[in-house]
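The structure appears below as structure tokens.
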Amino acid sequence: MSALGAVRAAVRIENEVVYGYGVVGAHLRGQARRLAARRLAVHQQRRDDLRAFATDPAPPAAAYELPMLVVDRVTARQLAVSLEDAAAKAAWALVASTQAGSRARQFAVAALTDTATAAARWRELSGRTDDPALPGQPADAATSQPSITSSTSPSSSTTASGSTS
Amino acid sequence: MSLTRRTLLGVAAGLVAVGCGPGRRRRGAPASTPGAGVSSALVAEQALLADYDRAITALDAVTAGRLATARQRHAAHLEALRAAAATTSPFASPVPSASSSLGSSLRVSAATLAAAAVSASDGRVAALLASIGAEHAADAMTTPDSV
């Protein structure tokens with residue numbers, strides 16, 4: 001994937017993550033809700049920063065198909081993990097496609113660290129211990145260049161895994 | 001043990017010291033060789049595993065169990081780095097200081113790996129180093145300060 005392609009894909013994912021955190025926050029209270037609010041702000045800023053890297057970034061869709069039904073705080077936390085994992089995959093692709101020493105590479109490395117740490121926090125709050133050894137690693141990373149699936153239409157429905165529907 | 005650990009952990013910090021950190025590379029300067037970050041990360045990961053083994057034997061069962069789960073992830077890092085090292089050149093690294101606790105070692109390693117990822121010339125190597133560094137940062141967050 002080209003650097004520009006990775007940036008565009010990351011913008012799409014971050015749009016989706018921002019949408020998803022709106023759903024997450026609505027089902028949480030207290031400390032978890034405050035964490036969701038902070039993560040929403042982080043991803044909004046990251047989305048805006050990424051748009052500055054792209055020449056024609058996709059606008060956000062009106063709504064996105066979420067990867068799971070969110071009905072309570074348990075499923076809200078699961079969605080938060082899923083959102084951060086999706087953002088980590090986008091960051092991996094961005095790291096892999098950017099030039100050494102570039103501002104974009106620095107940005108991508110920082111984003112991967114941030115989102116992996118946030119995913120670990122959500123897993124901890126959920127009592128989960130299935131933290132990935134390699135956050136963001138695509139399934140085919142061992143044999144080919146990392147990549148994530150991108151949609152062809154900015155208004156199409158997408159999932160937190162980056163696939164289109 | 002102390003000397004070995006100090007030596008191994010120092011390799012990572014040495015990368016930063018020689019100018020691989022973000023913002024230190026001047027325009028037009030060559031990126032690091034593909035093997036540089038991988039070799040250093042490999043050595044540092046081995047040191048971390050030794051730290052985990054030491055901590056696990058000294059802790060209560062509950063805490064040790066959590067660390068054992070984290071240790072499995074670091075063993076996976078080692079495997080991934082060995083696979084990457086098979087396609088890159090070895091690199092002699094400078095040697096620096098040791099950290100006082102497992103959490104501190106993880107934080108130092110996370111920062112060093114992030115710097116190495118920024119300067120890595122091969123994108124796939126960069127992503128691998130960044131991911132391992134990110135996982136170290138996450139582990140540092142959940143590792144008790146006393147360990």
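Just so we're on the same page: letters track the sequence lines, and every chain starts at 1.
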Path from A:V11 to A:V17 over hydrophobic side-chain contacts below 4.5 Å: no
query: Where does A:D114 contact chain B at under 4.5 Å (heavy atoms): side chain, backbone, both or neither?
result: neither
Leading residue by heavy atom contact count with chain A [cutoff under 4.5 Å; candidates B:A137, B:A138, B:S131, B:A83]: B:S131
field: Atom CZ of A:R33 with >12 non-hydrogen neighbours under 6.0 angstrom
entry: yes
message: With a 4.5 Å cut-off on side-chain heavy-atom distances among I, L, V, M, F, W and Y, is there a chain of contacts connecting B:M141 to B:L102?
response: no
Check: B:A126 main-chain N/O paired with A:R105 side-chain donor or acceptor under 3.5 Å: no
field: Non-neighbouring partners of A:D72 that pass side-chain contact (heavy atoms from CB on, under 4.5 Å), sequence neighbours left out
entry: A:V74, A:T75
message: Using 0.5 Å steps for rounding, measure from the OG1 atom of A:T113 to the CD1 atom of B:I132.
response: 12.0 Å
- prompt: Is there any residue in residues 61-80 of chain B with a non-hydrogen atom under 4.5 Å from a non-hydrogen atom of chain A, and which ones are they?
  reply: B:T69, B:R73, B:A76, B:H77, B:A80
query: Quick one: what part of A:R103 sits under 4.5 Å from any heavy atom of chain B, side chain, backbone, both or neither?
result: neither
- prompt: Relative to chain A, which segment of B:L129 carries a heavy atom at a distance below 4.5 Å: side chain, backbone, both, or neither?
  reply: neither
Pairing residues for B:E45 by the salt bridge (Lys or Arg N to Asp or Glu O under 4.0 Å) criterion, not counting sequence neighbours: none
- prompt: Who wins among A:T129, A:L94, A:L134 for the most heavy-atom pairs under 4.5 Å with chain B?
  reply: A:L134
task: State which residues pass side-chain contact (heavy atoms from CB on, under 4.5 Å) with A:R128; sequence neighbours excluded, sorted by chain then number.
output: A:Q78, A:V81, A:R123, A:S126, A:D130
message: For A:A100 versus B:S119, what's the shortest heavy-atom pair and its separation?
response: CB-O, 3.6 Å
